[in-house]
Amino acid sequence: MRKWIPAVLPGVITGGFAGQGLAAELKVKLELPRLNVAEYHRPYVAVWLERPDQSVAANLALWYDLDTKGAEGAGTKWLKDLRQWWRKSGRDLTMPLDGVSGATRPAGQHELGFAEGKAPLGRLPAGQYNLVVEAAREVGGRELVRVPLSWPPKSAQSARAQGQHELGAVSVELKP
């Protein structure tokens with residue numbers, strides 16, 4: 001009577017986790033270029049998904065100075081320089097955003113990964129979106145790049161855009 005348990009147990013275990021690998025994935029690669037300027041400050045960066053009406057569907061990443069303290073507040077004082085993100089979402093949020101806020105990053109390539117059903121991506125309704133990356137730098141410039149995408153992906157897809165000053169290449173990979 002006990003012999004059936006070892007034979008059935010692997011099937012029960014794999015069947016129980018079969019749905020775990022089916023969540024769609026969104027991977028973002030973005031480049032912060034190394035700038036040859038006299039006074040360089042790491043840029044503040046916001047990454048979000050916007051709907052066709054340009055409203056925010058999900059805030060995915062926000063890199064800013066988390067450690068600075070002062071009378072005017074922490075590094076949040078400069079979040080307003082991320083103008084598009086600030087107008088659409090930032091001014092209504094309480095910082096730091098759990099699972100979204102992070103420290104500024106140095107020049108170079110950076111990768112972000114998100115899975116359907118998990119924060120901060122959550123469950124997006126099917127439709128067209130733009131992945132938006134905005135960077136602003138103290139004593140520097142500001143730049144915004146949009147990469148259109150369709151969610152959920154029916155097959156593996158990739159798209160990319162190229163920044164000119166504060167951002168380098170931005171690419172998106174989608175997996176069903």
Side-chain angles (χ1 to χ4, degrees), residues 23-33 41-68 73-138 140-153 156-176:
E25 293 179 2
L26 169 68
K27 291 186 179 180
V28 178
K29 292 182 185 175
L30 65 97
E31 179 184 11
L32 299 175
H41 298 274
R42 290 181 178 184
Y44 282 22
V45 175
V47 181
W48 74 93
L49 285 173
E50 72 177 13
R51 298 177 188 96
D53 67 357
Q54 298 189 346
S55 63
V56 174
N59 284 300
L60 300 177
L62 178 63
W63 301 340
Y64 66 98
D65 185 359
L66 294 167
D67 295 330
T68 301
T76 55
K77 174 184 176 187
W78 306 106
L79 286 174
K80 296 173 187 165
D81 289 349
L82 295 166
R83 293 182 201 151
Q84 291 293 313
W85 173 80
W86 183 256
R87 288 181 193 143
K88 294 176 187 224
S89 175
R91 63 180 161 198
D92 298 327
L93 300 172
T94 302
M95 298 299 147
L97 288 177
D98 190 30
V100 175
S101 293
T104 57
R105 309 282 169 95
Q109 295 268 343
H110 302 279
E111 292 186 21
L112 302 166
F114 308 97
E116 180 180 28
K118 294 183 179 178
L121 188 59
R123 299 244 177 247
L124 288 176
Q128 294 294 315
Y129 294 92
N130 281 319
L131 177 95
V132 186
V133 180
E134 183 175 19
R137 194 168 46 86
E138 183 180 350
R142 185 186 73 83
E143 187 166 20
L144 184 132
V145 171
R146 284 187 169 89
V147 181
L149 61 94
S150 179
W151 187 265
Q157 301 170 13
S158 64
R160 60 177 290 142
Q162 180 68 43
Q164 300 297 314
H165 308 289
E166 300 296 329
L167 291 169
V170 175
S171 64
V172 175
E173 291 181 29
L174 300 167
K175 292 182 181 176

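Arg160 is not listed as a side-chain neighbour of Val170, based on a closest heavy-atom distance of 4.5 Å or more. Proximity of Glu50 to Trp48: side-chain heavy atoms (C-beta onward) are separated by under 4.5 Å at one or more points. Counting only heavy atoms from C-beta outward, the side chains of Thr76 and Asp65 never approach each other to under 4.5 Å. Counting heavy atoms from C-beta on, the side chains of Leu144 and Val133 never come closer than 4.5 Å. Using a 4.5 Å heavy-atom cutoff, the side chains of Met95 and Leu93 are in contact. Residues Arg146 and Gln54 are in side-chain contact: their nearest non-hydrogen atoms beyond the backbone lie under 4.5 Å apart. Looking at Pro148 and Tyr129, their side chains never come closer than 4.5 Å, going by heavy atoms from C-beta outward. Counting only heavy atoms from C-beta outward, the side chains of Glu166 and Arg142 never approach each other to under 4.5 Å.
Remark: side-chain polar atoms of Gln109 are not paired, donor with acceptor, to backbone N or O of Glu31 under 3.5 angstrom. Here the side chain of Asn130 pairs no donor or acceptor atom with the backbone of Val132 at under 3.5 angstrom. Between the side chain of Tyr64 and the main chain of Pro43, no donor-acceptor pair closer than 3.5 Å is present.
The existence of a salt bridge linking Arg42 and Glu138 is excluded, since no basic side-chain nitrogen approaches an acidic carboxylate oxygen closer than 4.0 Å.
With sequence neighbours excluded, no residue forms a salt bridge (charged side-chain N to carboxylate O under 4.0 Å, His left out) with Arg51. With sequence neighbours left out, His165 forms a ring pair (Phe, Tyr, Trp, His ring centres under 6.0 Å) with no residue at all.
Using a 3.5 Å distance cut-off with no hydrogens or angles, the side chains of Asn59 and Trp85 do pair a donor with an acceptor. Side-chain contact annotation: Ser150 with Gln128, donor-acceptor N/O pair under 3.5 Å present.
Interatomic distance, Leu174 CG to Gln157 CD, rounded to the nearest 0.5 Å: 5.5 Å. Between the CG atom in Leu131 and the CH2 atom in Trp151 there is a gap of 11.0 Å [rounded to 0.5 Å]. Taking CG of Leu149 as the start and OG of Ser158 as the end, the distance is 11.5 Å to the nearest 0.5 Å. Interatomic distance, OG1 of Thr104 versus CG of Leu62, reported as 11.0 Å (0.5 Å rounding). Note that CZ of Arg105 is 8.5 Å distant from CG of Leu30, once rounded to the nearest 0.5 Å. For the atom pair CG of Leu124 and CG of Leu26, the computed distance is 8.5 Å after rounding to the nearest 0.5 Å.
The environment of CG in Asp92 is crowded: more than 12 heavy-atom neighbours from other residues, nucleotides or ligands sit within 6.0 Å. Summarising the local packing, NZ of Lys27 is surrounded by 12 or fewer heavy atoms from other residues, nucleotides or ligands at distances under 6.0 Å.
Taking both residues in full, the closest heavy atoms of Gly102 and Leu66 are given as C-CD1, 3.5 Å, listed atom of the first, atom of the second, then distance.
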